Structure formats: C-alpha cells, structure tokens
Amino acid sequence: MIRRPVAWVVAVVLFAEAFGVAALNWFLGVVVDRQDMSLAGLDPHMMSVSSKIGGIAFGLYFALCGLVALLVALRDRPPAGFGRVLLISAAVVHALLGAFTWGLVGWPAFLFMVLVLALIVLLLMTYDRPAEPADATPAGGKSGDGSPVTSPPAPTTP
C-alpha cells in the first residue's frame, strides 16, 4: 500500500525542512548582527536574537511534525489527537507559506510548498477511515443490549 511510504517521505521532508528553516533563520540572524544596521529604530542585536529564536522554534515545530509522521510510518496507524492536529496545522502553514512564496520568492519555492502540502494531506487522507454508523452491531450478530439482530420488515405495497 501507499500509506507507509508516504509517511516515510513526509517524515524525511519535514526533518529536512526543520533543519533548513532553522539554519536559514540562524544565518539571517548572523547577517543582521554583522551589518549592525537598524530597521526603523529597532535594536540590531534584538533583531538578530529574535531571528535565531524564531528559526529554532519553527525548526522544532517542523521536527515535531516530522516525528509524528515518523511514528505513523513505524506504527502503520493513523495519527490521533495532538499528532493529527499538528499535521493539520503543518498543512495549513505550508498552504500559507506557499501563498507568500509565490509573490516573494518565486514559483519553485511555491511548488515545493505545494508538494509538501500535498504530501501531508495525502498522509492524512490515506489513513482516514470511514466512520461506523452509530447503530452498527459488533461481529457475532448481537447488538449491544444482548438481543438478537433481526432483519427489518419487508416493504409492502398498497
């Protein structure tokens, strides 16, 4: 099936993206610190530190999302609870980043963001199970109250 390979690919991509985002923001913080320039009166050191902290925070966020995808790949079970919420939020983040990168960076970055978004959505959808009806009976032919299951009456015509 396609579920486990997709989960593995999503995990690898999110771990690589976590490292890339953290490294890029750290590099930008170093550049801002070395230029020693102010932007609208802001402290350059504070801008450098905030860029580094933001890079580490987003890197850890993407790494946590990659860990959820890795656990999905290892267990071959759908993400549940907080892990599902993390993957959905990562999909939303990639959709927003894709919209921003189209105008600011260009179409190759947009295609990468859309590809990661599609992989995350594919991961979430391949593990999606159809919901059981509330009145479904368990295997064995007995309903929850212990009475035997009977078939519904046949339709009659007037």
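This one's a predicted model, so the numbers in the text were calculated from it and none came from an experiment.
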Can you check whether F112 reaches E17 side chain to side chain, under 4.5 Å on heavy atoms?
-> yes
Distance (rounded to the nearest 0.5 Å) between L67 CG and L60 CG | 11.5 Å
Mind checking what makes ring pair (Phe, Tyr, Trp, His ring centres under 6.0 Å) contact with W8, not counting sequence neighbours?
-> none
Which atoms form the tightest heavy-atom contact between L74 and R4, and what is the distance?
-> O-NH2, 3.0 Å
Please report the C-alpha distance between L111 and L115 in whole Å, then the side-chain angles of each, then the deciding distance to 0.1 Å, and finally whether the side-chain contact (heavy atoms from CB on, under 4.5 Å) criterion is met.
-> CA-CA 6 Å; L111 286 179; L115 176 69; over 6 Å; no
What is the minimum heavy-atom distance between A11 and G66, and which atoms define it?
-> CB-O, 3.7 Å
Give a yes or no on whether the backbone of V21 and the side-chain of N25 come within a donor-acceptor separation of less than 3.5 Å.
-> yes
Do the side chains of F62 and V93 get nearer than 4.5 Å, heavy atoms only?
-> yes
How far apart are the C-alpha atoms of M113 and L96, what are their side-chain angles, what is the distance that settles it, and do they pass the side-chain contact (heavy atoms from CB on, under 4.5 Å) test?
-> CA-CA 9 Å; M113 288 297 155; L96 291 172; over 6 Å; no
When rounded to the nearest 0.5 angstrom, what distance separates OG in S51 from CE in M46?
-> 13.0 Å
Should the heavy atoms of other residues, nucleotides or ligands under 6.0 Å from CZ of F58 be counted, would the total exceed 12?
-> no
Nearest heavy-atom approach of A91 to L117 is O-CD1, 3.1 Å
Closest heavy-atom contact between V72 and P78?
-> CG2-C, 4.5 Å
Other hydrophobic cluster members with V85, side-chain heavy atoms of Ile/Leu/Val/Met/Phe/Trp/Tyr under 4.5 Å, chained?
-> none
Do V121 and H94 come within less than 4.5 Å of each other through their side chains, counting heavy atoms only?
-> no
Listed by chain and number, what are the side-chain contact (heavy atoms from CB on, under 4.5 Å) partners of R77, not counting sequence neighbours?
-> R75
L104 atom CG, over 12 foreign heavy atoms within 6.0 Å = yes
Do you reckon V116 sits in the same ILVMFWY cluster as Y61, going by side-chain contacts under 4.5 Å, direct or chained?
-> yes
Within one Ile-Leu-Val-Met-Phe-Trp-Tyr cluster: L97 and L122, side-chain cutoff 4.5 Å = yes
If you round to the nearest 0.5 Å, how far is CG of D76 from CZ of R3?
-> 5.0 Å
CD1 of I56 to CH2 of W26: how many Å apart, nearest 0.5 Å?
-> 5.0 Å
Is T101 reaching over with its side chain to a backbone N or O of G98, donor-acceptor style, under 3.5 angstrom?
-> yes
Heavy atoms of V10 and L119 approach each other most closely as CG2-O, 3.5 Å
Minimum-distance pair of heavy atoms, taken over all atoms of C65 and L87 | O-CD2, 3.8 Å
Please round to the nearest 0.5 Å and tell me the distance separating atom CG of D33 and atom CD of Q35.
-> 10.0 Å
Separation of I120 CD1 from L14 CG (nearest 0.5 Å) = 5.0 Å
Hey, quick one: are V32 and L42 part of the same hydrophobic cluster, counting side-chain heavy atoms closer than 4.5 Å, chains of contacts allowed?
-> yes
Indicate, with yes or no, if L64 and I88 share a hydrophobic cluster defined by side-chain heavy-atom contacts under 4.5 Å among Ile, Leu, Val, Met, Phe, Trp and Tyr.
-> yes
